[in-house]
Amino acid sequence: MARIDPVIIVGCGPVGGIGALALNRHGIPVIVLERLESPVEDQRAASIQPAAVELLAELGLADIITRLGVVAPIYHFWDRVEGTRVAAFDHGVLRDDTRFPYVVQYEQFKLVRLAMAAIDGATPAAFRFAAPVADVSQAADHVTVKIDGPNGPETIRGSFVIGCDGARSSVRKAAGIAFEGFTYPQRFIKIGTTFDFFSTGAGYATRNFFFDPDEWLNLFRVGGYGPPGIWRIVVPTRVDEPPEEALAPDSVERRLQKFFPKAGGYPVSYTALYDVHQRVAETFNRGRILLAGDAAHVNNPIGGQGMNSGLADIVNLADKLADILAERADITVLDRYTRQRRKAQVEFVQQNTVNNKRMLEAQDPATRQGYFDQLRRTAEDPLLARQFLRRASLIDSMEAAAAVA
Ligand SMILES: Cc1cc2nc3c(=O)[nH]c(=O)nc-3n(C[C@H](O)[C@H](O)[C@H](O)COP(=O)(O)OP(=O)(O)OC[C@H]3O[C@@H](n4cnc5c(N)ncnc54)[C@H](O)[C@@H]3O)c2cc1C
């Protein structure tokens, strides 16, 4: 490949980190600019869906995440009001669709570290921390990125810039790209505890979704910092609940006790509060300025789809940039990137996650019962279960995107 300006990635979250590795595998020089001083220990995403494990396999990371993470072939839906299990889904029905018929629970910050460690030094790759990007601009054959770091302003040049800088993306704003959609009125609170919910005898799986008209709930186990791991609960706050009240230790304890009453307090590892949005950028490419991951789309976390979809963006984009830089394709192939990944977002991830929330919080008893009956029927019929899990695992969305011309 002829000497080329590096591709500049803004943001070293999971999408930026995996993007750097994917470009590195193509022999493309890359510079990652991250505003924080070191890789953040972000405790958001943990569920890596089968379709994303396939992508990570291409980058040589599937074995290690499967070994180090928590492998979860089965997940449950529960009726929180009655305390009964509604349905159990087994990804085993996907054995003809994927080499990885399971979800891997592996926290996103660990994935970033793996990606950085897997970079091949034969191609230049730089990760620069404390490098907040203030502006980006472009000319016909290059981009210019302005960093406003602790040592003062600096400008660097690249062939393309990819905004992997999250929901509030500076790159998206600099390019004037609209971020269409809505924000939910309530926030979601996440609570991590080392209390082992397997020990309760309630029969929980590694991943559990609870229906409740008052307070739906997700319960997941992640590896944490070693055995026994950490169980995470995600619940909505009241619409009028101030953040300091939601995060106060006694209200966190109350929420845990309300879910599963037990003697003694819960050991709490971490808590966090999130605003929740459903938004998709009007385009993911404007000339040489590109968007991937949360910079391009955001959704509620029920069902674990946001990061997975971002990983699908960045692997797709790295392939196309490799074709452009090797002169196998011209820049218009980036319009196809937007068409493919917007379709995956709008017709799959946005719909899936909006429906997941609507289902878990359903108020009307007949509607709730309808969901229960449908989930039971689906889980018990291997053909229906396969259809359902292909969509939940993002296999359908990836295949639909690949078919877009
Ligand atoms: C509670 C919760 C649970 C979730 N669980 C899952 C799950 O199980 N599975 C799933 O697929 N998704 C899940 N998600 C969504 C997932 O966390 C996000 O989709 C994912 O973090 C997006 O990755 P990203 O790299 O695009 O952006 P981010 O992770 O937001 O990373 C952006 C990076 O850019 C940096 N940055 C920002 N601005 C600048 C700037 N101007 N200059 C330089 N750097 C900048 C930030 O510091 C950050 O490091 C969950 C979300 C929440 C809230």
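Just so you know, ligand 1 is whichever comes first in the structure, and atom 1 is the first atom listed for that ligand. For clarity, every value in this text was computed on a predicted model and none was experimentally measured.
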Before accepting this row, confirm whether a basic side-chain N of the pair Arg99/Glu54 lies closer than 4.0 Å to the acidic partner's carboxylate O.
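Looking at Arg99 and Glu54, the cut-off is met.
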Does Ala131 have a non-hydrogen atom less than 4.0 Å from ligand 1?
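In this structure, Ala131 qualifies as a contact of ligand 1 - some heavy atom is under 4.0 Å.
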Within the structure, is a non-hydrogen atom of Cys164 found at a distance of less than 4.0 Å from ligand 1?
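Contact check Cys164 vs ligand 1: positive.
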Run the numbers for me: atoms of ligand 1, each under 4.0 Å from some heavy atom of [X], listed by number.
{"X": "Gly293", "value": "26 (O)"}
{"X": "Leu36", "value": "47 (O)"}
{"X": "Leu33", "value": "43 (C), 44 (N)"}
{"X": "Gly304", "value": "7 (C), 8 (O), 9 (N), 10 (C), 11 (O)"}
{"X": "Tyr274", "value": "1 (C), 53 (C)"}
{"X": "Pro132", "value": "42 (N)"}
{"X": "Ala46", "value": "7 (C), 8 (O)"}

Pairs meeting criterion salt bridge (charged side-chain N to carboxylate O under 4.0 Å, His left out) with involvement of residues 250-261, two or more places apart:
Glu215-Arg255, Glu215-Lys258, Glu241-Arg255
Determine, step by step, whether Phe259 and Ile191 satisfy the side chain to side chain contact (heavy atoms under 4.5 Å, CB included) criterion, reporting the C-alpha distance in whole Å, the side-chain angles of both residues, the deciding distance to 0.1 Å, and the verdict.
CA-CA 12 Å; Phe259 170 59; Ile191 306 170; over 6 Å; no
Would Asp396 and Arg390 count as a salt bridge (charged side-chain N to carboxylate O under 4.0 Å, His left out) here? Give the steps.
CA-CA 6 Å; Asp396 275 353; Arg390 277 179 56 91; 2.9 Å; yes
Can you tell me if [X] and [Y] form a side-chain donor-acceptor pair at under 3.5 Å?
{"X": "Tyr274", "Y": "Arg44", "value": "no"}
{"X": "Asp196", "Y": "Ser199", "value": "no"}
{"X": "Asn316", "Y": "Arg341", "value": "no"}

Judged on heavy-atom distance to [atom], which of [options] sits nearest?
{"atom": "atom 52 (C) of ligand 1", "options": "Ala174, Gly11, Pro301", "value": "Pro301"}
{"atom": "atom 45 (C) of ligand 1", "options": "Gln108, Arg35, Arg207", "value": "Arg35"}
{"atom": "atom 6 (C) of ligand 1", "options": "Ala45, Ala167, Cys12, Gly16", "value": "Ala45"}

Applying a 4.0 Å heavy-atom criterion (strictly less than), which segment of [X] is in contact with ligand 1: side chain, backbone, both, or neither?
{"X": "Val133", "answer": "both"}
{"X": "Gln305", "answer": "backbone"}
{"X": "Asp165", "answer": "both"}
{"X": "Ser170", "answer": "side chain"}
{"X": "Ile48", "answer": "neither"}

Identify which one of Gln350, Gln305, His277, Gln278 satisfies the side chain to side chain donor-acceptor pair (under 3.5 Å) criterion when paired with Asn300.
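When side chain to side chain donor-acceptor pair (under 3.5 Å) is applied between Asn300 and each of Gln350, Gln305, His277, Gln278, only Gln278 qualifies.
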Other residues, nucleotides, ligands: >12 heavy atoms within 6.0 Å of Arg238 CZ
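It does: Arg238 CZ has more than 12 such atoms within range.
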Determine the sole option in Leu290, Val7, Val171, Val161 for which the side-chain contact (heavy atoms from CB on, under 4.5 Å) test with Val143 is passed.
Val161
Tell me which pairs pass side chain to side chain donor-acceptor pair (under 3.5 Å) where either residue lies in residues 111-138, with sequence neighbours left out.
Glu41-Arg113, Arg128-Glu154
Do Asp294 and ligand 1 have an N or O pair less than 3.5 Å apart?
yes
